[in-house]
Amino acid sequence: MESQSSFTSLLLMKDISKSFGSTQALDRVTFDLQEGEVHALIGENGAGKSTLVKILSGALRQDAGDITFAGLPFSPSNPLDSRNTGISMIYQELNLAPHLTVEENIMLGKEIKSGPFLRKKEMRRAAQNALEMVNHSDIPLDTPIKELSVGIKQIVEIARALVDKAKILIMDEPTSSLSLEDSEILFKIIRDLKKQGVSIIYISHFLEEIKKVADRYTVLRDGKKIHTGTIQDESLENIIQLMVGQKLTKMFPRTQHEIKEVSLSLTGLRGRKMTADIDLHLHKGEILGFAGLVGAGRTDVLRTIFGLEPVLKGEIKVGYLSSLKSAPWSRIKQGMGYLSEDRQKEGLALNLSIADNIALSHFEPYRSIGFLNLKKYKKSIDNFLRTLNIKTPGSDQPVLCLSGGNQQKVALARLLHQQADILLLDEPTRGIDVLSKTQIYEWIGELASLGKSVIFVSAYLPELLGVCDNIAVFHRGKLISLRPVDHWDAHGIMTAATLGRTSKGKYSGTQNHA
Amino acid sequence: MPKKGKQAQVQVLLNWIGPFIGLILVLVIFASMPEIQDRFLRIANLKSVATQSVIVALGALGMTLIIISGGIDLSAASNIALASVTTAYAINAGVSLPLAILIGILTGGLVGLVNGFLITKLRLVPFIVTLGMLGIARGIAKWIAKNQKIDAPLTWINDLMSSTPRPPWLLLAPGVWVLIIFAILMAVVLRYTVFGRHVFAIGSNEATARLCGIRINRTKAAIYGIAGLFCGMSGVMQFSRLTVGDPTVAVGLELDIIAAVVIGGGSLSGGSGSILGSMIGVFIMAFLRNGSNMMGWPNYIQEIIIGGIIVIAVALDQIRHRKG
């Protein structure tokens with residue numbers, strides 16, 4: 001373990017306060033960053049992490065408090081100010097121009113010119129240098145960005161920040177859209193950058209990941225700094241405790257439920273991007289987890305079942321009924337519901353009201369002789385929101401005005417509202433705070449105890465292991481193995497997901513229920 | 001940061017009131033011009049403006065639906081001309097007058113359905129499909145009319161657009177009443193029916209709408225079909241006013257129709273718009289034309305003013321949304 005004194009102080013944010021209207025987003029928060037340090041910012045959604053880094057990156061201005069950067073007072077008035085000083089933000093949603101090449105993206109806004117003309121050779125060298133700094137000089141400079149994977153795009157974005165001679169990189173949920181392999185690559189880059197003296201502020205919901213890459217951590221809660229410490233000294237349970245503030249009795253609440261007859265069966269099913277036929281049965285009262293790397297086909301199976309992607313061959317039976325129409329509208333009538341992994345682009349109509357987003361798949365209860373009974377509609381949706389404990393400024397407000405966690409709850413509430421019997425949930429807890437996650441686990445458990453069937457896709461192994469009855473692991477478009485949860489551990493799942501084979505037992509690609 | 005409930009309510013009110021203030025402003029400005037203030041707000045003038053607005057307004061009813069759903073219809077004006085021609089043609093062919101009207105309306109509906117079919121089945125963008133239809137419908141109109149106007153005998157159809165209606169107790173031209181009835185009907189459809197919610201959902205996020213089990217293709221075909229029917233109605237009114245079926249009428253009118261919807265709060269990216277807003281948009285433009293004419297301002301001044309109003313209306317709308 002390195003001692004604190006071996007670092008030299010680079011940044012000090014002292015007693016920073018910021019409020020929006022009546023909400024105190026930050027309350028005298030002090031935060032410091034050493035040279036060559038990875039400092040994790042931890043906290044639930046709305047704890048103030050984003051506000052703090054936005055102040056540092058010049059997107060917001062603090063109400064009170066001072067920032068010292070490299071020994072000098074620092075008060076950025078816009079993001080460009082910060083970038084020029086050496087503070088760069090790597091955005092959650094990637095910020096690259098898809099049609100331009102890698103080189104053009106890296107050098108965008110930093111063109112080297114003589115007079116009006118570009119000095120192409122020097123620019124190319126600069127771009128190449130930047131890629132070398134992140135140890136990826138193998139990325140082709142002339143490829144358009146849109147042809148690259150998300151992981152590579154992120155690396156390009158980091159390279160772009162390095163051209164600015166960044167001394168501090170701010171990474172906000174950098175792995176949320178990365179596969180585990182790409183995440184590992186990112187961690188390696190982070191370690192390399194550290195050696196070169198670059199400091200990193202690292203925001204993430206994944207505590208294991210923070211444990212891996214960070215030196216120190218700071219926990220924020222409700223706009224206040226709770227604790228700063230060295231990450232090695234701390235157990236994850238303790239950190240979660242600090243984040244949440246109250247004793248979390250159980251991270252994964254288990255509701256008693258019983259697995260009954262088959263509700264959905266796939267026989268020899270093949271859809272786009274699947275490399276092998278799939279056979280599996282889902283039962284009433286079962287929570288079936290889908291594990292695997294990003295792009296391993298988990299999402300494609302769900303989308304094929306729900307009719308969003310064509311069935312190339314094979315059969316999908318709902319209950320005992322086969323040859324049903326495979327289109328979302330028909331699947332909904334058959335009692336299915338699908339929660340999209342991308343709530344912004346697909347899952348929610350962001351500028352429609354909360355009520356409309358919930359009722360969109362099921363207006364029937366409010367319709368009489370062709371017309372909506374708006375009073376009844378509003379009243380029952382309000383009741384519904386109350387029973388689900390979703391706090392909103394009003395059900396007639398656009399979904400846009402909710403936090404990520406509450407948006408996700410609304411998206412899931414739609415499936416509850418339409419009383420789906422088979423729920424296909426694609427990454428239902430991605431990018432949301434711990435409390436919202438726990439609530440969603442509770443809902444899933446209750447659904448199972450009511451005899452509903454749930455398929456739960458997730459890249460987060462602890463939750464799959466904590467919530468599911470059975471887990472199926474996918475690798476490169478193929479179902480590798482499906483077993484009861486107590487036949488799996490994280491290591492076994494990772495082996496199956498990354499290598500495409502199972503590490504223990506003789507369970508093969510097909511069915512194996514307890 | 002979550003937006004506060006009250007603030008958002010004010011926002012909704014603003015969205016609605018914005019165009020309304022615009023209309024009042026236009027009325028106040030012209031009413032205070034000394035040269036015309038005695039004539040501008042007279043009942044007779046208001047009636048004639050209302051009558052003149054019927055053609056654009058009927059088109060705008062359908063266009064509102066299309067724009068809320070995230071589409072566009074550039075063929076509206078050609079469709080109106082085609083419907084006016086088929087109406088005249090049918091009368092000359094000796095069919096009964098109600099049937100001739102029906103034929104005109106259905107012509108429009110058919111063109112709309114073809115638009116909807118091409119957009120959904122061939123997965124082409126509405127801009128391209130309706131740009132093609134703009135030429136096709138106009139061409140067919142000229143073909144049917146043998147490249148000239150179709151004269152038809154004067155009948156009661158021509159009274160539909162008379163601002164001194166018979167019987168006089170109607171007060172307004174029958175065409176205006178038709179407009180009022182259908183405007184209310186469409187406003188109710190948008191707000192109180194599942195179809196209406198689906199139109200907004202498709203415009204707001206088509207992927208979400210599909211995921212929620214909305215039958216996108218069907219709904220879109222219905223939207224373009226209904227909009228076509230309104231163009232057909234508008235074509236009948238056009239015929240009523242001109243007493244001839246003219247294949248060259250209403251050139252460029254689709255832009256007026258689109259402008260009215262946009263001034264009234266419709267967003268070309270879909271998901272917002274209202275019938276009331278669009279109607280206000282129609283009247284803002286109608287009163288501007290009418291007032292400028294009375295003032296004796298040349299045509300080009302009107303064009304500049306209306307062009308400016310469109311840009312200002314949309315810019316204000318954007319600023320409102322950015323603040324939100």
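Keep in mind that the numbers below use all heavy atoms, side chains included, and drop hydrogens, waters and symmetry copies. So you know, we letter chains A, B, ... as the sequences are listed, proteins then strands, and number each from 1.
- Across B:Arg210, B:Arg218, B:Arg215, a single residue satisfies side chain to side chain contact (heavy atoms under 4.5 Å, CB included) together with A:Trp329, and that is B:Arg215.
- Distance alone, capped at 3.5 Å, is enough to place a donor-acceptor pair between the B:Thr208 side chain and the A:Glu346 backbone.
- The side-chain heavy atoms of B:Ile214 and A:Leu360, taken from C-beta on, include a pair separated by under 4.5 Å.
- Side-chain atoms of A:Ser361 never come within 3.5 Å of backbone atoms of B:Cys212 as a donor-acceptor pair (strictly under, hydrogens ignored).
- A 6.0 Å sphere centred on CZ of A:Phe371 holds no more than 12 heavy atoms belonging to other residues, nucleotides or ligands.
- Proximity to chain B involves both the backbone and the side chain of A:Leu352, based on heavy atoms less than 4.5 angstrom apart.
- Here the closest heavy-atom approach between residue B:Arg191 and residue A:Leu372 is recorded as O-CD1, 4.3 Å.
- At a 4.5 Å heavy-atom cutoff, A:Gln407 makes no contact with chain B through either its backbone or its side chain.
- When each of A:Asn406, A:Asn351, A:Asn373 is checked for heavy-atom pairs under 4.5 Å with chain B, A:Asn351 comes out on top.
- In this structure, B:Leu211 and A:Ser340 have side chains that are in contact, with non-hydrogen atoms separated by less than 4.5 Å.
- Residue-environment remark: CZ (B:Phe195) exceeds the threshold of 12 foreign heavy atoms within 6.0 Å.
- In this structure, chain B has a heavy atom under 4.5 Å from the side chain of A:Phe306, while its backbone stays farther away.
- Among A:Arg343, A:Arg367, A:Arg331, the residue with the largest count of heavy-atom pairs under 4.5 Å with chain B is A:Arg367.
- Chain A forms the most heavy-atom pairs under 4.5 Å with one residue out of B:Val188, B:Val194, B:Ile216, and that residue is B:Val194.
- Enclosure of atom NZ in A:Lys378 by more than 12 non-hydrogen atoms of other residues, nucleotides or ligands within 6.0 angstrom is indicated.
- For A:Arg414, the part lying near chain B is the side chain, with the backbone staying farther off; criterion is any non-hydrogen pair under 4.5 Å.
- Heavy atoms closer than 4.5 Å to chain B are found in the side chain of A:Asp356, but not in its backbone.
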